[in-house]
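Worksheet: one structure, shown below.
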Amino acid sequence: MLKLENIGHFYGNRQVLKNINLEVARGELFGLIGPTGAGKTTLLRIIDLLETPASGVMYFDGAKVAATGRGRLDIRRRMAFVLQKPVVFNASVYDNIAVGLRWRRQSRSRISQTVEPLLEVTGLKALKDKNARTLSGGEAQRVAIARAVAVSPELLLLDEPTANLDPVSTLRIEEMIADIYRRYRTTIIMTTHDLAQGRRLAGRIGVLVNGEMVQAGKAEAVFSMPHNRQVAEFVGTENIVPGVVASREGELAVVDLGGTLIEAVSDYGVGGEVYALIRPEEVMLAKQRGTSSARNWLVGVITGVDMAAMPARVNVDCGFPLVALVTRASLEEMGLKPGQPVYAGFKATGVHIIERPG
Amino acid sequence: MDELWRGFTQGIGLLVSLDPEVMEVAGRSLLISLSATIIASLVAVPLAAVIHLNSFPGKRAIITVTQALFSVPTVVVGLFVFVLFSSAGPLGGLNLIFTPTLMVIGQALLIAPLILGLAISALSGVDRAYVDTARSLGAGGLQVAGVILREARFAVVAAVIMGFGRAVSEVGLAIMIGGNIKGFTRVITTAISLETSKGELELAIALGIILLIIALVINIGLSRVQQRA
Ligand SMILES: Nc1ncnc2c1ncn2[C@@H]1O[C@H](COP(=O)(O)OP(=O)(O)O)[C@@H](O)[C@H]1O
Ligand SMILES: [Mg+2]
């Protein structure tokens, strides 16, 4: 459906996109996540042909997109882009949703055949004749999305559709996007800086940091196996511990984390400087050295307990700071308190090893 | 003082009795300046959209020159048009000098930069997101222009009203290229200046009051429009 090859872009002297390679298949909902200023909006603007990239090639539906010329409007008309800040025109909700079809010179009756059911689907029927200027932020965003969907885009681009919305409106918009995706099977590229949202909605995810696509893949893989420290930090991985591969046996490596040895599944060679990412939900806590199948048991001291979190967060000092997530019930059962010694256990497969650039 | 008072009362008398000469001059003034405003707007407003929506070398310079022309003295435009259209001038063959047609052309030239410049800044006031939204929904060039002109419509109308105000109240150009020919090219401002210099105050005062009323109406209209812009 869409293929980007080595897309680069500058604003003034600043490079805001570097060598972006991306392929999105028809029918896919692709999530583009990254911190503010990463270049997400710029990338969507380039895809929607609102901006011409400084370098690189874009293919739409298999055909190379020219940098200039009339053909761009024809291609742009096969897409729709909902901007981060929803803009509604000074007209009724109905007329707002119909506007793209009018520009395509569709007949009144055909427009109504498209818009009426869409008003139903998006829950805007009651607001149909209201001036769109008078709507709330969430309602305006719904109008903006409905207006984009009305033109039956082959590719729908959504730029942070729930930024600046309250939680209730956010939920509504998320449901609406999921519903539209199910109903029309539109290919969607959606940006967000809300990781959880990307995880909930998208099949595949790309992580954009400082204009670079640092990782792309299945949502679960990106979250559980970030490629590098930047991605790990951005997807909220806790327990990023620097270390060195001390020895290895088959696919099992022993990693020295500043004096503490752990076993992990990894193919980095001996002497390799790495980070060990230990997922907090994989860490078990026990008063005695456990008998479970976990390969790694570390001795530590509890430094903090946050009961307000769900599940509860326990900070342990075991040579390096380690965060563990445990259920409140087991926490109360064990009576863990700050200052107490504790064993922390996790499996070799619960550790993800990434490169640590020197 | 006595003479002034007499002029004033007689002027009011002319107004109240709808004196044919007063009405005729006022009507011609409105007709000429309205025509000039319409012509200038038809050119300047779409041109403003074209300039605003496209980036090209020299765009900044064009806008600067346009703004500089806001306050060009009317006699300078008058001189320019006169030289162009006088019988010895390059367009003299058209025989337009001292006709209402040429006054329309001259006033249109005078106010076109004003309307153009004000319309460009009106369009600049429209959030860039409107243009992007329209384009992303598949609007072509004309359709995008339609969107921003619609969004800026009150400010654009204000620009047009300002243009009309300048056209109807200027005198230098009307005299130089119209010639103040009675019953043909005499308009409010030229009549006032002629009658006053002849010492015939009552006609001047009657027309002066009409011009004041026009200015008042323009300003009321303008502030109404600007409140909504
Ligand atoms: N029109 C512009 N002119 C100059 N710099 C811009 C412009 N738009 C965006 N930028 C810069 O480009 C970078 C990427 O911006 P953007 O694509 O909006 O990021 P994101 O959407 O991920 O927050 C930012 O540093 C931003 O300041
Ligand atoms: Mg953005």
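Bear in mind that the values here come from a model prediction, so they are computed numbers and not experimental data. The chains referred to below are lettered A, B, ... by the order of the sequence lines, with proteins before strands, and numbering in each begins at 1. Scope of the values below: all heavy atoms of this structure, side chains included, with no hydrogens, waters or symmetry mates.
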Engaged part of A/R133 at the chain B interface, taking heavy atoms whose separation is under 4.5 Å: side chain
Sort A/L49 into side chain, backbone, both or neither according to what part of it lies under 4.5 angstrom from a heavy atom of chain B. backbone
Minimum heavy-atom separation for [X] and [Y], please, with both atom names.
{"X": "B/D132", "Y": "A/R45", "answer": "OD2-NH1, 2.8 Å"}
{"X": "A/R104", "Y": "B/L137", "answer": "NH1-O, 2.6 Å"}
{"X": "B/R150", "Y": "A/N90", "answer": "NH2-O, 2.8 Å"}
{"X": "A/F81", "Y": "B/S136", "answer": "O-OG, 3.3 Å"}

Crowding at [atom1], [X] (>12 non-hydrogen neighbours, <6.0 Å):
{"X": "A/K64", "atom1": "NZ", "result": "no"}
{"X": "B/I12", "atom1": "CD1", "result": "yes"}
{"X": "A/R185", "atom1": "CZ", "result": "yes"}
{"X": "B/F98", "atom1": "CZ", "result": "yes"}
{"X": "A/N164", "atom1": "CG", "result": "no"}
{"X": "A/K18", "atom1": "NZ", "result": "yes"}

Residue, of A/L101, A/L83, A/V99, that accumulates the most heavy atom pairs under 4.5 Å with chain B: A/L83
Is any NZ, NE, NH1 or NH2 atom of the basic residue among A/D48 and B/R135 found under 4.0 Å from an Asp or Glu carboxylate oxygen of the other? no
Check whether any side-chain N or O of A/R76 sits under 3.5 Å from a backbone N or O of B/G138 as a donor-acceptor pair, and report yes or no. no
Which portion of B/V147 sits near chain A, non-hydrogen atoms under 4.5 angstrom: side chain
A/L73 side, atom CG; B/Q143 side, atom CD - distance, nearest 0.5 Å: 8.0 Å
